[in-house]
Structures are given as structure tokens and as C-alpha cells.
Amino acid sequence: MATPLVELENISIAFGGVRAVDDVSLNLHAGEVVGLLGHNGAGKSTLIKILSGAYARDSGTIRIDGQEAEIRSPADARRYNIETIYQTLALADNLDAPANLFLGRELTNRFGLVDDARMEAETRRIMARLNPNFKKINEPVSALSGGQRQSVAIARAVYFNARILIMDEPTAALGVHETKMVADLIQELKAQGLGIFLISHDTREMMDLCDRVSVMKNGKMVGTERVEDVTEDDILSMIILGKNPKAAA
Amino acid sequence: MTDTATAPASPRTGWKALDLDTRLLGMIGAFIVIAVAFDIASGGRFITPRNLFNLTIQTASVAIMATGMVFIIVTRHIDLSVGSVLATCSAVMAMTQTAIMPDMLGFGLGHPLTPWVAIAFGIVAGAVIGGFHGYLVGYLAIPAFIVTLGGLLVWRNVAWYLTNGQTIGPLDPTFQKFGGINGTLGVTGSWILGLAAAAVAIWALWGARRSKIAHDFPVKPVWAEVAVMAIVTGGILGFVALLNAYQVPSRVLQRRFDAQGLTMPEGYTEGYGVPISIVLLIAVAIVMTVIAGRTRFGRYIFATGGNPDAAELSGIDTKMLTVKIFALMGVLCAISAVVASARLTNHSNDIGILDELRVIAAAVIGGTALKGGIGTIHGAIIGALIMQSLQSGMAMVGVDAPLQNIVVGSVLVLAVWIDIIYRKRTGARD
Ligand SMILES: Nc1ncnc2c1ncn2[C@@H]1O[C@H](COP(=O)(O)OP(=O)(O)OP(=O)(O)O)[C@@H](O)[C@H]1O
Ligand SMILES: [Mg+2]
């Protein structure tokens with residue numbers, strides 16, 4: 001089998017006394033969607049934030065394309081073409097959609113000054129594809145609805161040709177139609193060969209979108225299974241009991 | 001996500017097509033109201049070339065620092081030390097002129113390089129002090145309030161030690177030209193500057209329009225664009241005309257002619273024109289506005305103010321950013337120190353005392369939100385102008401000093417309250 005795109009090996013991190021992620025291993029292949037499930041506070045966001053460089057892990061190894069990767073900051077993660085949609089969206093409320101989309105990677109003109117007109121044009125272009133109804137390009141994102149904000153965050157992650165995409169509850173604030181659009185987008189990106197980590201509490205949705213699902217509980221990995229090998233009930237019992245029925249069998 | 005609000009390309013018509021900044025107009029309106037009120041109360045002494053000239057040179061020092069305070073407050077910090085840092089920079093520059101250049105470096109008194117070396121040392125001192133504050137705030141996570149409250153005491157007294165508590169002066173004559181009345185461009189120079197500024201403003205407005213057209217964005221109708229250009233040009237040239245109208249007193253002119261051994265022609269007059277300190281302020285304002293709106297540094301300042309976590313997750317080094325912002329504040333304190341000490345023609349111990357309050361008030365009156373993320377450079381400058389006109393206007397009509405302070409303090413609170421109402425009305429959620 002091909003070398004995985006991402007290998008997380010024995011990752012641990014503690015906040016004070018809380019072992020938020022405890023010796024977790026997980027990998028991701030190109031063109032694969034891996035789902036992360038678990039109760040609130042299970043450690044899902046914390047695990048992916050280690051990959052996105054937001055948290056520095058206490059121990060463990062990250063490999064990208066089989067090579068050990070030095071990811072200690074968000075800027076490091078961007079160098080490995082890892083893009084993240086955070087659960088909190090991580091938008092600067094006082095800035096408009098183009099400024100947020102290009103935050104940290106502004107387009108500049110020949111004088112090295114930020115080129116707002118070009119960034120706005122690019123934003124209109126990508127939003128036309130992701131969310132054709134989106135019109136509030138020049139307003140601070142504080143004036144947007146929850147779903148509109150979420151589509152800005154999605155646009156930001158998709159725009160920069162990521163190889164590895166992390167989506168932490170990307171559809172939490174979306175309506176039925178918009179959720180469907182994100183599902184289509186995930187299929188499209190997967191077909192392009194991206195590796196995607198997807199976090200969601202919607203087990204049904206996860207069974208549809210993911211190739212494999214992992215369940216976490218209290219910072220520990222309960223198990224990872226191919227979706228065709230398990231039922232929704234198996235997943236639910238893994239989430240609730242913290243045991244993998246497959247492994248026990 | 002369905003968005004029934006405004007179609008973006010609907011062209012605005014009539015008055016609205018001008019697309020003016022209502023907040024800016026409000027502040028200019030407030031200034032005009034203050035000026036007219038004091039003019040009436042003082043029997044026509046406020047709106048005179050002489051008084052308005054003095055007003056601009058009194059405003060310069062605080063206004064220069066207020067532009068830096070905008071960045072500090074936008075990133076949710078505060079700098080209480082600016083008045084003291086100004087004093088230390090002023091002391092460094094004074095000592096450079098009277099001790100370091102002539103004696104320690106052996107250039108003697110009155111060397112032509114002296115003022116420039118002094119200014120360079122002052123700016124380095126400001127940058128280092130500010131950068132150090134920024135390091136304590138950014139890397140050691142000590143709240144800016146505490147760091148700069150400490151700095152308020154520390155640098156005021158470092159300045160004292162540098163000069164042994166003595167007043168040092170008179171400062172170098174070239175250096176003094178940065179103070180205001182002792183250094184102006186004269187009538188011709190001022191017109192040249194004014195025309196150049198108007199040309200640049202028109203070019204910039206036109207460039208912005210062309211760039212919008214190139215990207216198929218809606219633009220104002222041509223008449224509205226031309227109207228805005230006319231207003232801007234009128235404003236610039238009107239300002240120059242005003243400063244040119246202030247005549248140099250004939251005894252000063254007489255002295256100048258005498259010094260060159262010439263006789264003054266009968267009926268000879270000369271206007272002061274634009275003070276060099278104002279040229280400096282305008283240069284600072286332009287640079288700071290470009291930084292705020294058109295550079296990555298500025299973009300990161302506002303992003304960090306809006307959501308520090310988002311900025312960090314976007315790969316912005318917010319710690320280093322904090323160092324740079326405070327270092328920039330320090331540099332602006334040094335530039336203000338040049339203006340302030342040059343205006344007084346000497347360095348004294350109490351230079352810059354209470355300036356931190358004036359500077360913070362100017363930024364806040366100018367619309368900088370203390371919760372971060374929002375603020376403009378031009379707002380802070382007009383804020384400084386409003387504060388100074390209140391102060392000098394009250395002095396002119398004979399209000400006691402204690403009452404002046406009561407009024408200024410109340411105006412600060414009132415201005416912030418009006419700002420809150422304005423933001424609610426215009427629907428901005430912050
Ligand atoms: N920055 C932090 N400081 C301290 N504790 C934290 C921090 N971030 C997370 N934790 C703790 O780590 C644990 C895991 O949190 P995490 O956010 O990863 O959960 P999650 O699985 O994403 O939950 P949810 O489904 O609610 O998003 C929780 O106990 C949480 O309180
Ligand atoms: Mg989470």
C-alpha cells in the first residue's frame with residue numbers, strides 16, 4: 001500500500017492535569033476522508049490542532065509523505081499545505097471576507113502593498129463557486145450570519161490548493177442546502193486527491209462522507225474502522241461505551 | 001446563507017453618490033462648531049490666521065503620537081508611557097547637542113551635523129524603549145497597562161538623570177526649525193507643497209477608481225468623483241492659504257534684514273506659510289495611513305485587534321507584531337520630542353507631562369475603539385485637533401485652568417458615548 005499522506009503516531013498533549021489527547025495514532029491517505037467522532041471534550045479538536053500547528057504536542061511524531069514533519073506553528077502547517085477550518089472559524093470579525101480569506105497570505109502589488117482589489121476579485125470568484133448567494137463581500141464578517149461566516153472559513157481553506165484539509169464541524173451552522181453543497185465539495189476535493197480529516201457529530205453524515213471513521217473518548221483512541229465494515233449502531237456504541245466491538249470480537 | 005440584501009452594483013444617486021465618510025464629516029463638523037463657538041465667545045479672535053496657525057503647531061506633537069496610539073489601542077493594548085518616553089528622547093537629543101557631539105565626539109559646538117545626529121539618536125532611543133515595552137508585552141505576556149504604567153515612572157526619571165534635572169537649551173538653531181514658528185516653508189514653498197499634495201491626492205483617487213474599473217467593481221459617477229477631488233483640493237489649498245495669511249511681524253522681518261545688513265523695502269510683508277512641524281505631521285499621517293490600509297503589517301494589526309486567536313492561527317507572529325507596534329510608538333514619541341522641544345527651544349524636565357492622556361483621548365475621540373480592531377489615523381489627528389482647540393479656546397476666553405480640565409475630561413467621556421450611539425445607528429455590531 002502507498003505511503004500514507006499523514007501519519008500521526010503516539011500523539012499526546014496535556015493541559016495542566018487534563019490529558020486532552022493521550023497516545024493517539026491515526027493516518028490519512030491521499031484521496032481519503034477520515035472522520036473523527038466522539039463526545040464533547042473527547043479531544044478531537046485538540047488532535048487536529050496539533051496537526052494544524054495551533055498546539056505544540058508534548059510527545060509523538062507527525063509524518064507527511066513518510067517524512068518526519070516539524071510542525072510547531074500554524075505557519076509550519078501551511079508550508080506542508082495543511083489547511084484548516086476551525087470549529088471556532090478563526091475569523092477576524094472587524095475585517096471583510098477578502099481580508100479574512102487572504103489573512104497571512106495577502107496578495108500584493110509590485111510595490112509590496114496589499115492589493116485589495118485583486119483579493120476582492122478572487123474572493124468573488126471562489127464564493128461564486130462555493131456559495132453563489134454570498135453577496136456581502138465588503139462588509140466586516142461580524143455582519144454575516146453564522147452560515148455565511150462558515151462559508152468564508154471554508155473558502156479560505158479551499159482556495160490555497162491544500163493537500164491536507166482539516167474540517168472541524170464545517171457544517172455545524174449550515175442549512176440543509178448548504179450542507180449538501182459542502183458534502184459535494186468534499187467529494188470533489190477527495191476526487192482531486194486531497195486527504196481530508198472531517199469532524200462531525202452527525203453519525204449518518206459521517207457514514208456517507210467518510211472512508212474510515214475514528215472514535216475518540218477521554219483523549220484516547222477507541223478505534224478506527226472502514227465505514228463498510230461497521231453499522232451506525234457500532235459507531236454509536238463505540239462513542240458511548242468507549243470500546244470497539246470489532247476488536248472485542 | 002440566502003442573502004436577500006443589497007445587490008452590490010446598484011449605483012447610488014444624488015448626495016449618496018459622493019460616498020463620503022460620515023464619521024469624518026461628523027468630526028470635522030464638531031471642530032467647526034467648536035471653532036465658531038469660541039470665535040463668537042472671544043469676539044472674533046479664534047478664527048484668525050494667527051490663532052489657527054498656533055493651533056496647528058500646538059497640535060502637532062500630540063497628533064503625531066496619537067497616530068501610533070491608534071495601532072496600540074487597535075491591538076487591544078494601551079501605552080501610558082508616551083509622555084515619559086518623549087521626555088527621555090528629548091533628553092537624549094538635548095544631551096547629544098550639548099555634550100555628546102561637541103565634547104565626547106569632539107565636533108565642537110554648532111557643527112552642521114549636530115541636529116541630524118541628535119534626531120537619529122532620539123529615534124533610536126525611542127525605538128529601543130518602545131521595542132523593549134513590546135517585548136515585555138508580547139513575549140513575557142505582561143499586560144501593556146502595567147508595562148507602560150511602570151514605563152511612565154521609569155522614563156520620566158531616566159530623563160531626569162540624563163540631564164541631572166537641568167533645563168538644557170537653547171537647542172541648535174536648525175533643530176529649532178522643527179518646532180513651528182521658527183521654521184516655516186514661506187508663502188511660495190507652501191503653495192508648491194499644496195499644489196503637489198493636491199496633485200498626489202487626485203492621482204491617488206483616480207488610481208483607485210481605475211483599479212476598481214479594472215476589476216469590474218462599481219464606481220462613483222464621474223461627477224461625484226470630480227466633486228470629491230474638488231473638495232479635497234479645496235481643503236488642501238484653503239489650509240495653505242490660511243497659513244500663508246498669517247503675517248510675520250514687521251519687527252521680526254526688520255531683524256532678519258538687519259542681520260544680513262540689508263534695508264527692508266517699504267511696505268514689505270511676508271506670510272509664515274506651512275510650519276515644518278506640520279509637514280512632519282502630514283508625512284507621518286501619510287506613512288501611517290499607508291501602513292494601516294495597504295501593508296501586511298497594518299492588516300495584521302487590525303486582524304490581531306479583531307481576533308487575536310484568528311491572527312495567530314493564520315500564521316501571524318503576534319508576539320513580534322507587538323514588538324514592532326510598540327517600537328513604532330517609540331519612534332513616533334521621538335519625532336514628537338523633536339517637535340515639542342524645538343517649539344520650546346529647550347529641553348525641560350516637565351516636557352510631555354500628561355501627554356499620555358491627551359494622546360489616548362485624541363485617539364479615542366477620533367473613533368478608535370478600546371476593545372480593539374477599529375480606528376483610523378485621520379480620526380486620531382482630528383481628535384487631537386479637537387482636544388487642542390477646546391483647550392486653547394477656553395484659555396482664550398479666560399476659563400480657569402481647573403475648569404478647562406473638567407471640560408476636557410467630560411468631553412472625552414461624551415465623545416465616546418456619542419461614538420457608541422453612532423455605531424449602533426449605523427448598524428456596525430462593534
Ligand atoms: N486550550 C486549552 N486549555 C485547556 N484545556 C483545553 C484546551 N483545549 C482543550 N482543552 C480540554 O481538552 C479536552 C478536549 O477538548 P477538545 O476541544 O479537543 O474536544 P472535542 O472533542 O473537540 O469536543 P467538541 O465536540 O465539544 O468540539 C477537553 O477536556 C477540554 O476542556
Ligand atoms: Mg471540537
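Protein chains get the first letters and strands the later ones, always in sequence-line order, with residue 1 at the start of each. What you see is a predicted model, and the numbers here were worked out from it, not measured in a lab. Only heavy atoms go into these numbers, but all of them, side chains included; no hydrogens, no water, no symmetry mates.
- Counting non-hydrogen atoms of neighbouring residues, nucleotides and ligands closer than 6.0 angstrom, the CD atom of Q67(A) reaches no more than 12 such neighbours.
- With a 4.5 Å cut-off on side-chain heavy atoms, R299(B) and L95(A) count as touching.
- When every heavy atom of A303(B) is checked against every heavy atom of L103(A), the shortest pair comes out as CB-CD1, 3.5 Å.
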Show your reasoning for whether side chain to side chain contact (heavy atoms under 4.5 Å, CB included) applies to N109(A) and R294(B). CA-CA 10 Å; N109(A) 63 18; R294(B) 299 299 310 274; 3.7 Å; yes

In sequence, state the C-alpha distance, the side-chain angles, and the governing distance for R296(B) and F102(A), and then conclude on side chain to side chain contact (heavy atoms under 4.5 Å, CB included). CA-CA 11 Å; R296(B) 287 199 164 139; F102(A) 287 94; over 6 Å; no

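- The neighbour count for R72(A) CZ, taken as heavy atoms of other residues, nucleotides or ligands under 6.0 Å away, is above 12.
- Between I316(B) and G104(A), the closest heavy-atom pair is CG1-CA, 4.5 Å.
- The candidate with the highest count of non-hydrogen atom pairs below 4.5 Å against chain B, out of A75(A), A117(A), A90(A), is A117(A).
- A distance of 5.5 Å separates CZ in R124(A) from CZ in F217(B), rounded to the nearest 0.5 Å.
- With respect to D116(A) and K212(B), no salt bridge is recorded, no charged nitrogen being found less than 4.0 Å from a carboxylate O.
- Contacts between Y86(A) and chain B at a heavy-atom distance below 4.5 Å involve the side chain alone, from C-beta outward.
- L313(B) and P74(A) make their closest contact through O-CB, 3.4 Å (heavy atoms, listed as atom of the first residue, atom of the second, distance).
- E120(A) touches chain B through backbone and side chain together, each having a heavy atom under 4.5 Å away.
- Both the backbone and the side chain of F302(B) have a heavy atom closer than 4.5 Å to some heavy atom of chain A.
- Heavy-atom contacts from other residues, nucleotides or ligands closer than 6.0 Å to CZ of R19(A) number 12 or fewer.
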Report the C-alpha separation of V290(B) and L113(A) in whole Å, then their side-chain angles, then the decisive distance to 0.1 Å, and conclude whether the side chain to side chain contact (heavy atoms under 4.5 Å, CB included) test is met. CA-CA 9 Å; V290(B) 169; L113(A) 300 175; 4.1 Å; yes

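- Checked by atom type and distance alone, the side chain of N307(B) never pairs as donor or acceptor with a backbone atom of D93(A) at under 3.5 Å.
- Proximity to chain B is limited to the side chain of T108(A), based on heavy atoms less than 4.5 angstrom apart.
- Atom OH of Y135(B) has 12 or fewer heavy atoms from other residues, nucleotides or ligands within 6.0 Å.
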Derivation and outcome, side chain to side chain contact (heavy atoms under 4.5 Å, CB included), residues R156(A) and S314(B): CA-CA 10 Å; R156(A) 174 167 62 183; S314(B) 302; 3.7 Å; yes

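- The backbone N or O of G373(B) lies less than 3.5 Å from a partner atom in the side chain of N94(A), making a donor-acceptor pair.
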